[in-house]
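In this chain, residues are counted from 1 in sequence order. Here the structure is a predicted model, which means the values were calculated and not measured. We count ligands from 1, going down the list as the structure has it; atoms in each ligand are counted the same way.
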Amino acid sequence: MITISKKKFKHAFKSKMYSLYAQPVEEASKDEIFRVLCCVIKDFIAKEWVGTRIDKEKAVFYFSMEFLIGRQLQSNLLNLDVEHEIEEGLKELGIDLNEIIETEPDPGLGNGGLGRLAACFLDSMASVGISGHGYGIRYKYGLFEQKFVNGSQVELPDNWLKNGQYPWETVRPNRAVVVKFEGDAYLKQRADGNLDVVHENYIPVMAMPYDIPIIGYENHCINTLRLWKSEILNRDFSEVNKNAKNQNGSYEDALKYKYYTEEISQVLYPNDSNYAGRLLRLKQEYFFVSAGLQDIIRKCKKNKVSMRDLPKKVAIHINDTHPTLCIPELMRILLDEEGFSWDEAWDITTRVMSYTNHTILAEALEKWPVEMMKKLLPRIYMIIEEIDRRYVEYLQSKYHDDWGKINYMRIINNGEVRMAHLCIRGSHSVNGVAKLHTEILKHEELKDFYNDEPYKFNNKTNGIAHRRWLMSCNKELSDLITELIGDGWKKDTSKLKDLEKYLDNKKVLDRVGEIKYNNKVKLADYIYEKQGIKVDPNSIFDVQIKRLHAYKRQLLNVLHILYLYHEILDNPEFEIIPRTFIFGAKAAPGYYLAKCIIKLINSVADLINNDPRVKDKVKVVFIENYGVSIAEKIIPAANVSEQISTTTKEASGTGNMKLMMNGAITMATMDGANVEISERVGKENMFIFGLNAEQVLEYNKCGGYSSKDLYHSDRKIKRVVDDLINGFIPGLGKDGIAIYDSLITYNDEYFVLRDFYSYIKAQKSLQELYRNQDLWNKISLKNTACSGFFSSDRTIEEYINDIWFKEGER
Ligand code: 26W
């Protein structure tokens with residue numbers, strides 16, 4: 001292990017402060033201290049961060065448009081096991097480590113679940129000790145910063161690099177590669193009769209790699225997250241440039257070219273689960289895919305790996321369809337640059353590629369217009385056409401003239417390239433992210449593909465990095481666990497089960513309660529400081545934190561709050577345990593209904609928090625600008641975890657796992673990974689409500705239920721729904737009408753009203769349980785004890801054994 005003594009650290013820190021800022025430590029700002037600290041740590045790991053190993057062992061390359069890595073300082077100190085020395089060393093220099101941790105910017109290079117999962121996977125790949133690396137885009141602007149103005153969401157740019165370079169990254173100009181867009185691609189006959197591929201008049205874009213070290217937990221393994229920035233081609237590339245579009249044009253052309261290239265890595269698309277066929281997005285996708293693949297091929301050549309052996313040395317993972325172009329890009333390299341035949345190239349490609357599906361929402365499926373693709377990526381499109389032609393040939397040989405099926409399955413149809421179909425055809429493995437999700441893929445969404453190539457389909461239930469989501473964000477609980485069962489659980493979370501020995505130990509249960517209380521006090525302070533709302537740490541902290549989406553049903557939660565409000569107004573003696581409802585969520589900027597729901601929650605918060613008749617029995621807090629760092633503060637303090645999506649719609653969820661691990665009790669529909677949470681902790685230790693998957697699928701086949709009938713027949717439902725449009729909620733205005741319409745005029749697509757009573761009932765039992773604090777704490781501890789399965793170390797081991805190293809190449 002890397003060892004850093006306090007003395008050595010202090011010396012290194014002081015001299016780095018001089019070499020970087022020419023000043024003594026006492027004069028440094030917090031940002032400068034943070035930057036110096038990063039440099040010192042990077043120096044310490046420099047020798048172990050040797051770069052990607054491809055020669056000896058197989059390497060995994062995880063391609064993802066998003067990596068929501070969060071702050072790195074604390075997690076790096078933890079994984080290097082030097083937190084204590086550095087904290088003490090800094091203290092002697094008059095510096096509080098916690099303050100420095102809080103100054104680190106949180107790179108928002110992802111939207112939500114998919115991006116955060118990719119980050120947890122990087123942590124776990126390094127911690128289980130494989131050579132596993134990420135490839136993505138170094139967006140200049142991450143996900144927007146959210147502000148509330150009069151209760152509505154306003155988006156500000158997230159200029160996360162404003163203080164200068166990101167201190168964890170290292171730029172490597174000598175590894176830059178050129179990515180070619182547009183131009184003319186065609187086949188030309190050579191004198192010997194063979195065909196040559198010509199791609200000329202293209203626009204060259206330079207991909208500049210920025211590397212971030214990914215440090216494994218106490219194991220010397222340091223992997224790399226390589227993020228590409230798009231730039232103009234510099235002079236060094238004149239050789240590669242000879243076929244490129246003439247660049248000796250006017251000044252105006254030069255500016256246009258500069259804009260064209262730099263725009264590509266400018267900003268992350270803020271859409272979560274919603275595809276829009278924008279040209280810039282397609283450019284981003286090809287940009288990082290082509291850069292990554294060229295990089296891999298270069299590494300192989302350097303290590304003398306023959307292209308034929310690629311599947312033995314390299315696994316490439318496609319994180320949702322966004323990096324689908326990996327498939328035709330590898331084909332292009334093997335065909336055009338390495339001289340393989342089609343069949344050989346296809347065999348290599350499909351053995352290297354694997355694909356994860358993260359959603360069944362129809363609006364999320366990527367389909368690119370043929371005309372757009374042909375113009376932007378002429379050679380890639382030719383290859384996709386050939387993959388499609390051969391696929392149709394194969395389907396015909398199997399299904400003869402069943403053109404309904406063939407057209408449904410083929411890759412190009414109706415003038416569009418369907419990325420999921422290309423992924424399934426071009427990979428050896430297709431996986432869903434929770435058991436239920438995978439079953440729905442196999443038997444509903446992708447059933448024709450499953451019936452055709454069943455051996456490709458498998459499940460990999462998501463997981464979370466327990467080091468970040470328990471050990472670092474909830475130190476007190478983590479220490480208690482270690483005190484009770486030793487520290488074996490840190491490397492093998494199945495050992496958390498040993499906590500079950502203490503389920504009836506009153507002293508332990510009291511400590512569990514105390515720790516939760518302490519975390520709630522900290523969160524209450526944060527809420528007061530940031531939003532000026534006083535919340536009582538003795539109230540139930542009921543938490544729903546995730547992207548704002550109709551299917552996630554934040555609306556159901558707020559309708560329940562309105563219901564409680566009416567009950568309190570109707571009957572001042574109404575029995576209620578004080579509750580603080582905490583929300584955190586960003587809405588996609590163009591998602592109108594989601595923004596209306598934000599406005600609704602904020603308006604309800606204003607109404608209830610300021611009504612003296614409520615006597616603080618209910619408080620509503622919508623925490624602004626939710627992201628990884630805020631999640632780290634909320635999760636340890638949660639009593640209740642709201643996982644209330646319309647059944648079948650949430651592929652897995654991962655916040656559900658984080659909250660469970662931190663001892664929150666789950667209120668849930670039987671959706672996504674909630675099903676597996678219930679299998680592990682037991683249904684009796686959570687609150688389950690709502691329609692099940694069969695019922696939802698059945699309703700969807702026959703056009704749903706009638707929300708109007710329900711609304712007209714039930715007084716209490718009618719009352720809360722009418723609140724949306726009758727002025728009962730001050731300031732809500734027309735936003736309420738849009739929500740009302742979604743429920744009544746458009747027949748409540750997400751079954752909010754259908755599940756309403758079932759939800760209220762479950763909420764009542766939850767409140768009953770809370771009255772018995774011993775029992776509550778017991779179930780809380782039971783949740784932590786049963787959460788070991790949800791470590792992403794387990795998930796990654798499964799990916800390794802069943803997908804990436806299946807042929808035993810490890
Ligand atoms: C092209 C637009 C777009 C953008 C993002 C389409 C789809 C996405 C993602 C696939 C959405 C996403 O983050 N899905 C979430 O993935 C998590 C990790 O597997 C799951 O836990 C969530 O249930 C799923 O919604």
Partner of I316 under side chain to side chain contact (heavy atoms under 4.5 Å, CB included), picked from V289, L293, I327, is L293
Establish, for the pair R138 and Y210, whether the NZ or CZ atom is under 6.0 angstrom from the six-membered ring centre and no further than 45 degrees off its axis.
yes
For a quick check under 3.5 Å, do Y626 and R547 share a side-chain donor-acceptor pair by atom type?
no
Anything under 3.5 Å between an N or O on ligand 1 and a protein N or O? List each pair with its distance, or write none.
residue  : atom   : partner : partner atom : Å
ligand 1 : 13 (O) : L114    : N            : 3.1
ligand 1 : 19 (O) : H358    : ND1          : 2.6
ligand 1 : 19 (O) : N462    : OD1          : 2.8
ligand 1 : 21 (O) : N462    : OD1          : 3.4
ligand 1 : 21 (O) : G653    : N            : 2.8
ligand 1 : 23 (O) : E650    : OE2          : 2.6
ligand 1 : 23 (O) : A651    : N            : 3.4
ligand 1 : 23 (O) : S652    : N            : 3.0
ligand 1 : 23 (O) : G653    : N            : 3.0
ligand 1 : 25 (O) : Y551    : OH           : 3.3
ligand 1 : 25 (O) : E650    : OE2          : 3.0

Hey, does the Lys NZ or Arg CZ of K442 hover above the aromatic six-ring of F449, less than 6.0 Å from the centre and inside 45° of the axis?
no
Could I get the full list of ring pair (Phe, Tyr, Trp, His ring centres under 6.0 Å) partners for Y381, not counting sequence neighbours?
none
Charged N to carboxylate O under 4.0 angstrom, K147 versus E145?
yes
